[in-house]
Amino acid sequence: MTKLEEEYHHLSLWYFVSFIFGIIFFFYSNDNYSSYSLLVVLFCLTILVKLFHKKDLFWFFIAICLLTFCSGVFIGHLRVSNIHTNPIDKIIISELSGKIEQVKPTLRGTQIILQDVHLGNNTKLNIIRVNVASKLVADVKHGDTVQLKAKLFPLQQS
């Protein structure tokens with residue numbers, strides 16, 4: 001009996017690891033993959049897995065690892081392609097309201113993270129960070145809805 005056969009019940013951990021490496025590979029590679037090419041690769045690997053299913057454990061293990069790796073790349077691509085953000089491109093001074101997601105003390109006051117933000121001109125933003133004086137937010141907590149006038153800046157380019 002080979003070492004691979006002895007460890008048969010622990011091989012699923014390696015499938016999870018290869019899936020995570022697929023996601024990491026997608027985010028660290030500069031290539032732009034198309035959804036169709038990734039689906040074709042996944043389909044071909046699925047056929048390969050089916051061919052090796054009961055013939056050779058080593059090649060079956062390799063095929064499953066490749067399949068889960070490519071699945072990770074596909075999921076990363078799918079997740080990124082479904083994100084639609086509209087960052088602000090100029091300074092906005094407006095009345096706004098939003099639900100508090102997080103309150104963080106800083107050296108110069110308090111930072112609150114708001115979600116589901118509505119500006120005075122009927123513009124919606126997903127998430128923003130607002131720095132305020134600590135005494136103004138002494139009684140607020142996660143989940144509260146606040147209304148304030150703020151000056152919003154575009155994200156800095158790094």
Side-chain angles (χ1 to χ4, degrees), residues 1-92 94 96-106 110-119 121-131 141-146 150-158:
M1 184 181 268
T2 67
K3 186 70 173 167
L4 192 61
E5 290 170 343
E6 292 173 10
E7 295 294 323
Y8 178 76
H9 296 291
H10 301 287
L11 294 181
S12 60
L13 295 173
W14 287 105
Y15 305 149
F16 177 72
V17 168
S18 62
F19 178 77
I20 297 299
F21 275 125
I23 294 172
I24 292 169
F25 175 80
F26 172 79
F27 284 106
Y28 277 101
S29 69
N30 292 328
D31 299 331
N32 192 8
Y33 306 101
S34 76
S35 299
Y36 298 115
S37 63
L38 289 171
L39 282 173
V40 167
V41 169
L42 287 173
F43 178 73
C44 293
L45 285 171
T46 304
I47 291 172
L48 190 66
V49 166
K50 196 69 173 159
L51 289 174
F52 288 118
H53 179 58
K54 293 189 178 177
K55 295 182 180 167
D56 188 357
L57 182 60
F58 176 75
W59 290 110
F60 177 70
F61 171 69
I62 296 297
I64 291 281
C65 283
L66 286 172
L67 179 65
T68 55
F69 177 84
C70 289
S71 296
V73 172
F74 179 72
I75 294 298
H77 171 75
L78 190 65
R79 186 74 177 126
V80 167
S81 65
N82 287 333
I83 294 175
H84 302 290
T85 60
N86 296 321
I88 60 175
D89 54 357
K90 63 182 189 257
I91 296 175
I92 299 173
S94 175
L96 61 88
S97 65
K99 184 177 176 184
I100 296 179
E101 177 66 25
Q102 191 174 17
V103 179
K104 294 194 273 184
T106 64
T110 301
Q111 182 182 79
I112 56 174
I113 298 176
L114 300 173
Q115 66 181 12
D116 300 327
V117 179
H118 298 278
L119 300 180
N121 59 0
N122 292 328
T123 303
K124 286 183 70 176
L125 300 173
N126 291 336
I127 296 176
I128 64 167
R129 292 181 297 186
V130 181
N131 294 319
K141 59 188 177 304
H142 173 74
D144 288 348
T145 300
V146 294
K151 185 175 187 179
L152 304 176
F153 295 91
L155 292 174
Q156 295 178 351
Q157 299 297 323
S158 47

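In this chain, numbering begins with 1 at the start of the sequence shown. Not measured: the values here are computed from a predicted model.
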**Q.** From CD1 (Ile112) to CG (Asp144), nearest 0.5 Å
**A.** 10.0 Å
Q | side-chain hydrogen bond (donor to acceptor under 3.5 Å, both in side chains) partners of Gln102, counting only residues at least two apart | A | none
Q.
Distance check, rounded to the nearest 0.5 Å: Phe43 atom CZ versus Leu67 atom CG?
A. 12.0 Å
Q) When rounded to the nearest 0.5 angstrom, what distance separates CG in Leu42 from CD1 in Ile47? A) 11.5 Å
Q: Rounded to the nearest 0.5 Å, what's the gap from CH2 on Trp14 to CZ on Phe21? Could you check?
A: 8.0 Å
Q: Under the salt bridge (charged side-chain N to carboxylate O under 4.0 Å, His left out) rule, collect the residues that match up with Lys124, sequence neighbours excluded.
A: none
(Q) The criterion is side-chain hydrogen bond (donor to acceptor under 3.5 Å, both in side chains); which residues satisfy it with Ser71, sequence neighbours excluded? (A) none
Q) So, for His142 and Glu101, which heavy atoms are closest and what is the spacing to 0.1 Å? A) ND1-O, 2.7 Å
(Q) Would the distance check show the side chain of Thr68 and the main-chain N or O of Tyr15 forming a donor-acceptor pair, the cut-off being under 3.5 Å? (A) yes
Q: Quick one: do Val103 and Lys141 satisfy side-chain contact (heavy atoms from CB on, under 4.5 Å)? Show the steps, please.
A: CA-CA 7 Å; Val103 179; Lys141 59 188 177 304; 6.0 Å; no
(Q) Using the ring-ring contact (aromatic ring centres under 6.0 Å, His included) criterion, which residues pair with Phe25? Sequence neighbours excluded. (A) Phe69
**Q.** More than 12 heavy atoms of other groups within 6.0 Å of Phe27 CZ
**A.** yes
Q: Sequence neighbours left out, what passes side-chain hydrogen bond (donor to acceptor under 3.5 Å, both in side chains) with Thr145? Give chain and number order.
A: none
Q. Residues in side-chain hydrogen bond (donor to acceptor under 3.5 Å, both in side chains) with Ser94, at least two apart?
A. none
Q: Measure the spacing between NE2 of His118 and OG1 of Thr123 and express it to the nearest 0.5 Å.
A: 11.0 Å
**Q.** Reported CZ-to-CD1 distance for the pair Arg129 and Ile113, which is rounded to 0.5 angstrom
**A.** 7.0 Å
